[in-house]
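Here the structure comes first, spelled out in structure tokens, and everything after it is commentary.
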Amino acid sequence: MRPRIAIPMPHSSDPEYAERAIPQYELAVALAGGDPVRIPIGANSTEIKKLTDTCNAVLLPGSKADVDPAKFGAEGSPHTAAADTWREQTDFFLLEDAYADRKPVLCICYGLQSLNVFQGGSLIQHIPDFLPQKTRSKVNHEAGKKVKIAHNVEIDGGSALAGIVSQTGNGRRGELQDPLVLPVNSSHHQSANVIGSGLRIVARCPDDEIVEALEGTSKNHFVLAVQWHPERAVEEDEASRNIFRALIDAANER
């Protein structure tokens, strides 16, 4: 039986955007061997619980919203996008369920930020405002789909993520370098700042040190969050496919 992966709809107040965005994540999950399960935003907790009880893992996708700065005790920046309260509540419900039952978790872009805040961390609300002038224009983290590759990330060679993205087609781990350099797509203007409890930094952008990936520190719970968008490249990039395969493998093991 294929594991069922809970995926919240990306946005509550822009259904056109949500319907346009979610198929990328569903395709990535399906190609990796899982069955994607859409979790409606705005449903009551009882309805969501009925769905999550049938799911083996959680994938938190990107969003056009930003996490409410009040959630990490900050005033909003002029550049901070409107919060999506329903998406935040749904993400936190799914994360509570996943942590309680040790369900594997994969978070992408906004999902990483949501996870970090859920675990008590904070966010850089607008990367250009945070960086010194000399590094501010080195990387366009908001490049999006206009380019396939926005920049490189450097991954800690001893991390689970390094082992995941270096898997070869025959299931063997490729030769690891430390750090391991990976070219990625990028569509974000925020990033993790203070890192939440039970998480650790495993990748940064080498040009400006922006956090690009987090892992859970518990050995018996798969938790992985990447700031880039591997779902956009699963049909041509093995490293991207491996990220989703790792989620499915963890769900199967559980």
Side-chain angles (χ1 to χ4, degrees), residues 1-11 16-41 51-52 54-64 87 90-91 94-95 98 103-115 143-150 153 155 159-169 171 174 180 182-188 202-203 212-216 222-254:
M1 183 179 295
R2 291 159 65 94
R4 289 166 57 84
I5 312 302
I7 311 175
M9 294 298 289
H11 205 279
E16 182 181 347
Y17 162 80
E19 290 289 345
R20 186 173 69 250
I22 198 168
Q24 297 175 322
Y25 301 96
E26 293 175 322
L27 174 62
V29 166
L31 289 174
D35 285 335
V37 178
R38 293 188 180 191
I39 305 299
I41 294 180
L51 283 173
T52 57
T54 72
C55 293
N56 311 101
V58 171
L59 191 164
L60 299 186
S63 174
K64 63 186 293 186
R87 170 66 197 271
T90 304
D91 277 16
L94 291 173
L95 288 169
K103 293 180 181 179
V105 176
L106 173 62
C107 303
I108 294 172
C109 198
Y110 174 95
L112 178 150
Q113 296 158 17
S114 185
L115 169 69
K145 294 183 179 179
K146 293 178 288 188
V147 297
K148 282 190 174 182
I149 304 300
V153 298
I155 302 172
S159 65
L161 176 59
I164 289 167
V165 300
S166 63
Q167 290 285 332
T168 60
L180 186 153
L182 186 72
V184 300
N185 186 268
S186 187
S187 291
H188 63 106
V202 294
E212 292 287 345
L214 302 172
E215 283 180 2
F222 177 95
V223 176
L224 175 62
V226 297
Q227 190 60 72
W228 65 91
H229 283 272
E231 79 282 357
R232 294 176 180 169
V234 290
E235 294 181 276
E236 64 267 6
D237 179 57
E238 189 165 32
S240 296
R241 289 193 293 272
N242 287 347
I243 290 173
F244 294 94
R245 285 175 183 154
L247 176 68
I248 302 306
D249 288 345
N252 279 324
E253 289 174 8
R254 178 181 174 276

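Since the model is a prediction, treat every value here as computed from it, not as a measurement. This chain uses plain numbering: 1 for the first residue, then up along the sequence.
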Practice problem: Check whether any side-chain heavy atom of I22 lies under 4.5 Å from a side-chain heavy atom of P61, and answer yes or no. | Solution: no
Quiz item: Hey, are the side chains of L60 and L95 touching, using non-hydrogen atoms and a 4.5 Å cut-off?
Solution: yes
Quiz item: About how many Å separate CG of N185 and CG of D237, when rounded to the nearest 0.5 Å?
Solution: 10.5 Å
Self-check item: Side chain to side chain, L106 and I5, heavy atoms closer than 4.5 Å
Solution: no
Quiz item: Are any side-chain N or O atoms of R245 and backbone N or O atoms of A32, one a donor and one an acceptor, separated by less than 3.5 Å?
Solution: no
Quiz item: Would the number of heavy atoms belonging to other residues, nucleotides or ligands and lying under 6.0 Å from CD of E235 be above 12?
Solution: no
Self-check item: Interatomic spacing from OG in S63 to CZ in R87 - rounded to 0.5 Å
Solution: 5.0 Å
Quiz item: Say you draw a straight line from CG of L161 to CD of E212; how long is it, rounded to the nearest 0.5 Å?
Solution: 11.0 Å
Exercise. Give a yes or no answer on whether the side chain of K103 reaches the backbone of C55 with a donor-acceptor pair at less than 3.5 Å.
Key: yes
Quiz item: What are the two closest heavy atoms between E215 and S159, and how far apart are they?
Solution: OE2-CB, 3.4 Å
Practice problem: Flag the pair Q227 / C109 as yes when at least one side-chain heavy-atom distance between them is below 4.5 Å, and no otherwise. | Solution: yes
Practice problem: Specify the closest pair of heavy atoms between W228 and A213, including all atoms of both residues, with the distance to one decimal. | Solution: CZ3-CB, 4.1 Å
Practice problem: Would you mind reporting whether E16 and H11 have side-chain heavy atoms less than 4.5 Å apart? | Solution: no
Quiz item: How about R254 and P3: do any of their side-chain heavy atoms sit closer than 4.5 Å?
Solution: no
Quiz prompt | Between CD1 on residue I248 and CG on residue L31, distance to nearest 0.5 Å | solution = 10.5 Å
Exercise. Identify the residue among L59, L51, I7 that makes a side chain to side chain contact (heavy atoms under 4.5 Å, CB included) with I39.
Key: L51
Quiz item: So, do M9 and Y17 sit near enough that their side-chain heavy atoms are less than 4.5 Å apart?
Solution: no
Quiz prompt | Closest non-hydrogen atom pair, A251 against P104 | solution = N-CG, 3.6 Å
Practice problem: Of all the heavy-atom pairs spanning L180 and A162, show the shortest one and how long it is. | Solution: CD1-O, 4.0 Å
Self-check item: Rounded distance (nearest 0.5 Å) linking atom NE2 of H188 with atom CG of L112
Solution: 9.0 Å
Exercise. Quick one: pull up NZ in K145 and NE2 in H229 and give me the separation to the nearest 0.5 Å.
Key: 9.0 Å
Exercise. Write down the atom of R2, the atom of D35, and the distance for their closest heavy-atom approach.
Key: NE-OD1, 3.0 Å
Quiz prompt | Shortest non-hydrogen contact from S114 toward D91 | solution = OG-OD2, 3.0 Å
Quiz item: Hey, are the side chains of I164 and L224 touching, using non-hydrogen atoms and a 4.5 Å cut-off?
Solution: yes
